[in-house]
Amino acid sequence: MANVAVIGAQWGDEGKGKIVDWLAERADVVVRFQGGHNAGHTLVIGGTTYKLSLLPSGIVRGTPSVIGNGVVLDPWALKAEVTRLREQGVEVTPDTLMIADNCALILPFHRDLDGLREDASGAGKIGTTRRGIGPAYEDKVGRRAIRVCDLAHLDDLDPQLDRLSAHHDALRAGFGEPPIDRAALLAELKEIAGFVLPYARPVWHMLNAARAAGKRILFEGAQGVLLDIDHGTYPFVTSSNTIAGTAAGGSGLGPSAVGFVLGIAKAYTTRVGSGPFPTELHDEIGTRLGERGHEFGTVTGRKRRCGWFDAVLVRQSVAVSGVTGIALTKLDVLDGFETVKICTGYRLNGETLDHFPAHAADQAAVEPVYEEVEGWSQSTAGARSWADLPAQAIKYIRRVEELIQCPVALVSTSPERDDTILVRDPFAD
Ligand code: GDP
Ligand code: IMO
Ligand code: MG
């Protein structure tokens, strides 16, 4: 029996939330291990939609849910999300939600700085979610962060505030902004501490005990491998490692705690924000994918860029993240295309490449090499078994498996929880 890590194998929004919710039925605990409320994970259950940004997707089923130490936590965003979910009838209590006491906080000036930098960058902007993710991780690595456990010691915060002021006041001055207002910040922290602290605990302790007791742990990644700070399309990436290797370190478990790595990939490709995207389509096919797939960002509402499936990129994600099996989502969006294209390699300066080069200029310059396969006219929407799929769709899946060098473990055919085809049970491995 394996613990399962779910990670995005493209640029995010692959359908991780849907798959985590589906798998959570058989999990004992669900853990977020990186990112923050830049994530937007959508669950659709019996026609009701739930949008989660910071809370693990297990919370909707009532599966104990953990925010691990690798996450950057905006306590005000947490409160807003908990309030919203409670209004939808989801129970959130210290028995169902546990937050690592060593999580770094996203503070209001992180959000400000994210926006100020983006506004100042003009055409070179990253297109971040403006949630303060990058600045908060910078402060964590810079050893200046205020952490969840500090909320219980707000009278002893002067050394951290000194370090934060020394760093941020200079940056803020450069943008014509006033220094950090320490009194106002402390007052805000005092107010929110009472909300956060009941959920705070050494989650590593609980998770290690769960592991020792043979419980099933489901790790929920955010973003995708191509947004990984090391392996992604740098600098157009997020500020954390999104690969499966982070699951253990971001939750306080050893590396052998992760068994099955389930990479989530759309049957085509999307990206929100700036950066290279070799198979992007600027024509009516791209528009059709966006419309059929309802490709608008969950967090920011931005239109997602759309293109054909890029097997080179997903093969690379499979390799750097050690993916055991793929969940191929949104197959139904490809219904009705006469032919479907798959990118199998790139051309760069007259040479053929079988991988995505590291340099930003090369990433922007590669030209996709396509293979065209037959499409299918029948609907796959809502299919729940392999037998419901048209032969051409099965052929497409088989070709994708071959090209990415990884088997498909699940296929998703609509936003609804149960419109899912199980090929190989990740927990049974
Ligand atoms: P995540 O960030 O990886 O959890 O993905 P998002 O929730 O941001 O985006 C995925 C979108 O596709 C959501 O609106 C889902 O409801 C929807 N979705 C997930 N799986 C499928 C599927 O198989 N078919 C269709 N048509 N939509 C899906
Ligand atoms: P989920 O978990 C898609 C993108 C942003 C931007 C870049 C950096 O829903 O798949 P950041 O705010 O993290 O500094 O932005 O990363 N981005 C995402 N794109 N899905 C996400 O999360 C994303 N989280 C961040 O659009 O390009
Ligand atoms: Mg999303």
Side-chain angles (χ1 to χ4, degrees), residues 6-22 32 34-45 49-54 56-57 71-72 74 106 110-111 113-115 117-118 125-138 220-229 232-240 242 263-268 270-277 289 291-305 327-335 379-384 410-421:
V6 167
I7 54 128
Q10 294 157 323
W11 278 293
D13 301 330
E14 300 91 347
K16 297 176 291 294
K18 167 181 165 161
I19 301 296
V20 168
D21 165 64
W22 190 83
R32 274 280 308 269
Q34 48 69 231
H37 66 310
N38 49 349
H41 296 179
T42 316
L43 284 54
V44 183
I45 303 159
T49 301
Y50 301 87
K51 292 180 183 217
L52 304 175
S53 284
L54 196 47
S57 297
V71 170
V72 279
D74 179 327
I106 301 181
H110 292 131
R111 208 183 314 129
L113 184 57
D114 199 350
R117 280 177 176 161
E118 285 286 279
K125 69 177 185 196
I126 308 275
T128 72
T129 59
R130 294 172 176 257
R131 298 292 192 266
I133 304 293
Y137 273 119
E138 286 171 33
E220 177 176 4
Q223 293 80 54
V225 174
L226 301 170
L227 290 168
D228 181 278
I229 187 77
T233 44
Y234 193 90
F236 301 100
V237 293
T238 193
S239 294
S240 65
T242 58
I264 317 296
K266 272 181 203 177
Y268 51 102
T270 64
R271 167 163 213 174
V272 56
S274 325
F277 181 172
L289 287 171
E291 280 171 3
R292 285 187 56 88
H294 304 289
E295 297 296 354
F296 294 90
T298 314
V299 172
T300 57
R302 288 178 292 173
K303 204 169 166 196
R304 296 176 185 147
R305 302 153 64 191
L328 194 69
T329 61
K330 304 191 99 163
L331 183 69
D332 54 296
V333 175
L334 293 183
D335 292 354
S379 168
T380 65
R384 294 184 182 186
L410 291 163
V411 179
S412 169
T413 58
S414 103
E416 268 289 343
R417 174 190 274 174
D418 292 322
D419 290 340
T420 306
I421 302 171

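When a ligand or atom number is given, it counts from 1 through the structure's own listing order.
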Examine distances only and state if a side-chain atom of Q10 and a backbone atom of Y268 form a donor-acceptor pair shorter than 3.5 Å. yes

Could you give the distance from CG (D335) to OG1 (T380), rounded to the nearest 0.5 Å? 3.5 Å

Do side-chain atoms of K18 reach the backbone of E416 as a donor and acceptor pair under 3.5 angstrom? yes

Donor-acceptor contact present, side-chain R302 to main-chain V272, <3.5 Å: no

Flag, side chain of R131 to backbone of A39, donor-acceptor distance under 3.5 Å: no

At a 4.0 Å threshold, what atoms of ligand 1 neighbour a non-hydrogen atom of T413? 23 (O), 24 (N)

Starting at CG of L226, measure out to CZ of R271 and round the result to the nearest 0.5 Å. 7.5 Å

Is there a donor-acceptor pair under 3.5 Å between the side chain of E138 and the backbone N or O of A136? no

Distance-only side-chain donor-acceptor flag, S57 / K16, under 3.5 Å: no

For T329, is at least one N or O under 3.5 Å away from an N or O on ligand 1? no

Ligand 1 atoms in contact with H41 (distance to a heavy atom under 4.0 Å): 1 (P), 2 (O), 4 (O), 7 (O)

Please work out the angle at the Mg ion (ligand 3) defined by atom O of G40 on one side and atom OD1 of D13 on the other, rounded to 10°. 160°

Report the part of K16 (side chain from C-beta onward, or backbone N, CA, C, O) that has a heavy atom under 4.0 Å from ligand 1; answer both or neither where that applies. both

Whether the side chain of T242 engages the backbone of G224 through a donor-acceptor N/O pair (distance < 3.5 Å, no angle test) should be reported. yes

Does Q10 come within less than 4.0 Å of ligand 1, judged by its heavy atoms? no

Classify the contact between D332 and ligand 1 as side chain, backbone, both or neither, using a heavy-atom distance cut-off of under 4.0 Å. side chain

Checking a contact table here: which protein heavy atom is nearest atom 16 (O) of ligand 1, and how many Å away? P415 CB, 3.4 Å

Spacing of I229 atom CD1 and Y137 atom OH [to the nearest 0.5 Å]: 10.0 Å

Any non-hydrogen side-chain atom of T128 less than 4.5 Å from a side-chain atom of I133? no

Strictly distance-based, threshold 3.5 Å: is any side-chain N or O of R305 a donor or acceptor partner for the main-chain N or O of G273? yes

Minimum distance, heavy atoms only, to atom 12 (O) of ligand 1: which one of E416, K330, Q223 is it? K330

Using distance alone, with no hydrogens and no angle criterion, decide if S240 and Q34 have a side-chain donor and acceptor under 3.5 Å apart. yes

At a 4.0 Å threshold, what atoms of ligand 1 neighbour a non-hydrogen atom of E14? 3 (O), 5 (O)

Name the residues with a heavy atom less than 4.0 Å from ligand 2? W11, G12, D13, K16, N38, A39, G40, H41, I126, G127, T128, T129, A222, Q223, L227, V237, T238, V272, G273, R302

Check each atom of ligand 1 against the heavy atoms of R304 and keep those under 4.0 Å away; list them by number with element. 8 (O), 9 (O)

Among protein heavy atoms, which sits nearest to atom 23 (O) of ligand 1, and what does the distance come to when rounded to 0.1 Å? S412 OG, 2.5 Å

Taking T329 for the side chain and S412 for the main chain, is one N or O donor matched with an acceptor at less than 3.5 Å? no

In the protein, what heavy atom is nearest to atom 10 (C) of ligand 1, and what distance, to one decimal place, separates them? D13 O, 3.7 Å

Nearest-neighbour protein heavy atom for atom 4 (O) of ligand 1, which is reported as residue plus atom name and distance: G17 N, 2.8 Å

Below 4.0 Å from ligand 1: does a non-hydrogen atom of K18 turn up there or not? yes

Identity and separation of the nearest protein heavy atom to atom 15 (C) of ligand 1: T42 CB, 4.0 Å

At a non-hydrogen distance cut-off of under 4.0 Å, which region of L331 contacts ligand 1 (side chain, backbone, both, or neither)? neither

Identity and separation of the nearest protein heavy atom to atom 2 (O) of ligand 1: G40 O, 2.9 Å

Would you check whether S414 has a nitrogen or oxygen atom less than 3.5 angstrom from a nitrogen or oxygen atom of ligand 1? yes

Taking K303's backbone N and O only, do any of them form a donor-acceptor pair with E295's side chain (distance below 3.5 Å, no angle check)? no

Are any of the N/O atoms on V333, whether in the backbone or the side chain, positioned under 3.5 angstrom from an N/O atom of ligand 1? no

Are any side-chain N or O atoms of D332 and backbone N or O atoms of A381, one a donor and one an acceptor, separated by less than 3.5 Å? no

